[in-house]
Amino acid sequence: MALRLYNTLTRRLEPLEPIRSGQVSMYTCGPTIWNYAHIGNFRTFLFEDLLRRWLEASGLSVFHIMNLTDVDDRIIREASARGTDIRSFTEPFARAFFEDRDWLRLRPAHVYPRATDFIDPMIALVQGLMDRGFAYQGEDGSVYFAIDRFPAYGRLSQLDRRELKAGASGRISADEYDKENAQDFVLWKAARPEDEAVGAAWDAPFGRGRPGWHLECSAMGLALLEREGLGPVLDIHAGGVDLIFPHHEDEIAQSCAYTGEAHFARMWVHGEFLNVRGSKMSKRFGNITTPRDLREDGVDPGALRLLLFQTHYRQKLDLTDDGLAAAREGCRRLGEFDSRLRRSETTPAGEENDFTPWGRNLEQKVAGALDDDLNAPEAVAAVFQASRDGNRLLDLGIFPAAADRDRWARLLGVLDILPAEAGAAAIVTPGGGSGVAAGALSPSPPADPAEAEAWAVAWAAARAAAKGSKDYKEADRIRALLAGAGWEIRDARDGRAEVRRVFP
RNA sequence: GGCGCCGUAGCCAAGUGGUAAGGCAGAGGUCUGCAAAACCUCUAUUCGCGAGUUCGAUUCUCGCCGGCGCCUCCA
């Protein structure tokens, strides 16, 4: 394992050195399930997926936690407006999130803790912080974290070096709560009638209320680490750049003040934002794009993964139609090569040919790139290069050994950027047709998929016969007819032809 | 006001103190009856602009111009 990652905590590339040899604990901040997660959220999840996969491909055993935030202001507001409770309101969005996750081929985390299932650990954490003097109760009944009692506060975001402009973001009114210091953050929010109405209030020794957002991740992370016997410190904590401050800063303060450890996570990694056509996704701009939107537009998840991996995770990325189109074409090409490689003849094991260095080279390039702070664009470049070189070797009649194929499959399995719909091909041999005369075939395909394939194959055979008698006009007519119905014909050099369904 | 990021071919995007990966698009070619697919060749003497350090800078430093993010519950 030679993976180096950019650690936000030190602002340097650092080798990943797991606390327990061979094992990595990873916590990634998940979605707030108040709506459909958008493609920006998923860009972060996608880079985390690559990290997860690369750790596993490197032989590490990963314990991956992703939380679902199912109680917050927006959820309460929306549940309230619909006259329902927060659980019923969030449930469909949790399901939608898992659907989108699967569509984008994200490897499922080992646990998806929901905030409302971890109220007890949260209360214990707040109580512990109060007992240790890090937290106090305001006159409004809410409990706050006193940042001036935690000297390390600001280390992650370099807050000690910055001057805060109160309310600069315009997102929060500074005097909404009763705090000692304007920068103190809330751990436990005293219950309001609106909270009670939607089931967002719980009893606690310090008063009825609900958890603050930052508290959730600390409490769930620590509780799950303990349950798994993994100690009080995470190896990796990841999220989007916007979470550095205040979310992750606050998590560190709460967790470390509670455990007494120097770190909540040794390595903090953050992914950059995805913009859509030049601007940040926001309701105001009406440019929220979700995976389901893209799916409806016929975007292939493999192409989308390819597109996002063609830019480094710490670089801003603009999602555009041109980019999607380009990725779709690149993805198609990789898919063509992949199926060609799978179907090719094989060189016996132990016999070396030009495919042997091909495989070694691919492996070395991809591993080198991913080890270097997850340089996916470079890994993708190596994959394209291998696909071109591989096609050339196959053109020359040089075939891969099983080991070469396995290498390709394993490395592609890490990136997972092949198209979803490959379009199985049926081979038509001249003379081996069904014997059905072209005149007897229907010009339009049957609805049933299996019958449609038989129909296409029969037409292809008829075309082969026409070609055999040099009736090119008829052959071209049939090819056009099939194309119109969504079937593509490719003639091979040996006179055989392939028919395959084309997915638009 | 504070902290920070970015500006590389028509578009997207890696990268290095020693002279520019990869993808898409485009042009020509090989193969083919013609296509498709695949492959080959070509497409930035140049990395926003200016100055400095250096034998040498796209890569380091400073300034400028342009775009962007965070600054208390947004991935």
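To find a chain, count down the sequence lines: A is the first, B the second, and so on, and within it residues start at 1. None of these values were measured; they are calculated from a predicted model.
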With side-chain hydrogen bond (donor to acceptor under 3.5 Å, both in side chains) as the test, would you mind laying out the steps for A:Y153 and A:D148 before giving the verdict? CA-CA 8 Å; A:Y153 193 81; A:D148 50 9; over 6 Å; no
Set out, in order, the CA-CA distance, both residues' side-chain angles and the distance that settles side-chain hydrogen bond (donor to acceptor under 3.5 Å, both in side chains) for A:T289 and A:N287, then state yes or no. CA-CA 6 Å; A:T289 301; A:N287 64 347; over 6 Å; no
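The gap from the C1' atom of B:C70 to that of B:A75 amounts to 13 Å, rounded to the nearest Å. Look at the C1' atom in both B:A14 and B:A9: the space between them is 14 Å, to the nearest Å. Between B:U59 and B:C5, the distance separating the two P atoms is 16 Å to the nearest Å. Comparing the C1' positions of B:C49 and B:G66 gives a spacing of 10 Å, expressed to the nearest Å. For B:A44 and B:A20, the P atoms lie 12 Å apart once the distance is rounded to whole Å. Rounded to whole Å, the C1' atom of B:A57 lies 14 Å from the corresponding atom of B:G15. Distance check on atom C1': B:U54 versus B:G18 gives 12 Å, rounded to whole Å. Here, B:G26 and B:C12 have their C1' atoms 15 Å apart, quoted to the whole Å.
Comparing atom distances between the A:P377 side chain and each of B:C11, B:U72, B:A13 picks out B:A13 as nearest. For A:Q310, taking side-chain heavy atoms from C-beta onward, the closest of the listed nucleotides B:G23, B:C5, B:A14 is B:G23. Closest to the side chain of A:F185, out of B:A75, B:U72, B:A14, is B:U72. Out of B:C74, B:G33, B:C6, the shortest distance to the side chain of A:A475 is found at B:G33.
In this structure, A:G239 reaches the sugar-phosphate backbone alone: every heavy-atom distance under 4.0 Å involves primed, P, OP1 or OP2 atoms, never a base. Among the atoms of the strands shown, only primed sugar atoms or phosphate atoms (P, OP1, OP2) are found under 4.0 Å from some heavy atom of A:A326. Among the atoms of the strands shown, only primed sugar atoms or phosphate atoms (P, OP1, OP2) are found under 4.0 Å from some heavy atom of A:H312. When heavy atoms are screened at a 4.0 angstrom cut-off, A:L394 is found touching no nucleic acid atom at all. Using a 4.0 Å heavy-atom criterion, one finds that A:R74 contacts the sugar-phosphate atoms exclusively.
Salt bridge absent: A:D395 and A:R392 never bring a charged side-chain N and a carboxylate O closer than 4.0 Å. Here A:D49 does not pair with A:R52 in a salt bridge; the nearest charged N to carboxylate O distance is not below 4.0 Å. By the 4.0 Å N-to-carboxylate-O rule, A:E329 lies close enough to A:R332 to be salt-bridged with it. A salt bridge links A:R477 to A:E474: at least one charged side-chain nitrogen sits closer than 4.0 Å to a carboxylate oxygen. Ionic pairing of A:R107 and A:D416 is not present here: no N-O contact between side-chain nitrogen and carboxylate oxygen is shorter than 4.0 angstrom. Using a cutoff of 4.0 Å between basic side-chain nitrogens and carboxylate oxygens, A:R328 and A:D300 are not scored as salt-bridged.
Shown here, B:U72 forms no base pair; nothing in the strands shown gives a Watson-Crick or G-U wobble contact with both key distances under 3.5 Å. Summarising the base pairing, B:G33 is matched to no nucleotide, lacking a Watson-Crick or G-U wobble pair whose two defining distances lie under 3.5 Å. If you check B:G63 for Watson-Crick or wobble pairing at under 3.5 angstrom, you find it paired to B:C49. Of the nucleotides present, B:C24 is the one that pairs with B:G10 by Watson-Crick or G-U wobble criteria, both distances under 3.5 Å.
Toward the 5′ end of RNA chain B lies the nearest nucleotide of A:D318, the other residue of the pair A:G271 and A:D318 mapping further downstream. Nearest-nucleotide positions on RNA chain B for A:K467 and A:E378 put A:E378 closer to the 5' end.
If you measure from atom CD of A:Q315 to atom C1' of B:G4, you get 13 Å, rounded to the nearest angstrom. Residue A:Q158 contributes atom CD, which lies 20 Å from atom P of B:G69 at whole-angstrom precision. Computed from coordinates, the A:H248 NE2 to B:C74 P distance equals 13 Å when rounded to whole Å. Between the CD atom of A:E251 and the P atom of B:C74 there is a distance of 14 Å, given to the nearest Å. Distance, A:Y27 OH to B:A75 C1': 14 Å, rounded to whole Å. Taking atom CG on A:D148 and atom C1' on B:U72, their separation rounds to 15 Å, with Å as the unit. Following rounding to the nearest Å, A:D250 (CG) and B:C74 (P) show an atom-to-atom distance of 12 Å. For the pair A:L306 CG and B:A13 P, the computed distance is 13 Å after rounding to whole Å.
A:L362 is not listed as a side-chain neighbour of A:D389, based on a closest heavy-atom distance of 4.5 Å or more.
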Under-3.5 Å N/O pairs linking protein and nucleotides 35-39 of chain B:
| residue | atom | partner | partner atom | Å |
| --- | --- | --- | --- | --- |
| B:A35 | N6 | A:D491 | N | 3.4 |
| B:A35 | N6 | A:D491 | O | 3.2 |
| B:A35 | N1 | A:D491 | N | 3.1 |
| B:A35 | N3 | A:R479 | NH1 | 3.1 |
| B:A36 | O2' | A:E488 | OE2 | 3.0 |
| B:A37 | O2' | A:R490 | NH1 | 3.4 |
| B:A38 | O3' | A:N391 | ND2 | 3.0 |
| B:A38 | O2' | A:D395 | OD2 | 3.0 |
| B:C39 | OP1 | A:N391 | ND2 | 3.3 |
| B:C39 | O4' | A:D395 | OD2 | 3.3 |

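Listed by chain and number, the residues in a side chain to side chain donor-acceptor pair (under 3.5 Å) with A:N391 are A:R340 (sequence neighbours excluded).
Near RNA chain B, meaning a heavy atom under 4.0 Å away, there are no residues from residues 358-366 of chain A.
Remark: the A:W213 side chain and the A:D73 side chain contain no N/O donor-acceptor pair separated by less than 3.5 Å. In this model, no donor atom of one side chain and acceptor atom of the other lie less than 3.5 Å apart for A:S80 and A:E194.
Taking only side-chain nitrogens and oxygens, A:N41 never comes nearer than 4.0 Å to OP1 or OP2 of B:C74.
Remark: ring of A:F384 does not overlap the six-membered base ring of B:G22 in a stacked fashion, as centroids less than 5.5 Å apart with planes less than 30° apart are not both met.
One N or O donor and one acceptor, one from the side chain of A:D476 and one from the base of B:G33, sit under 3.5 Å apart.
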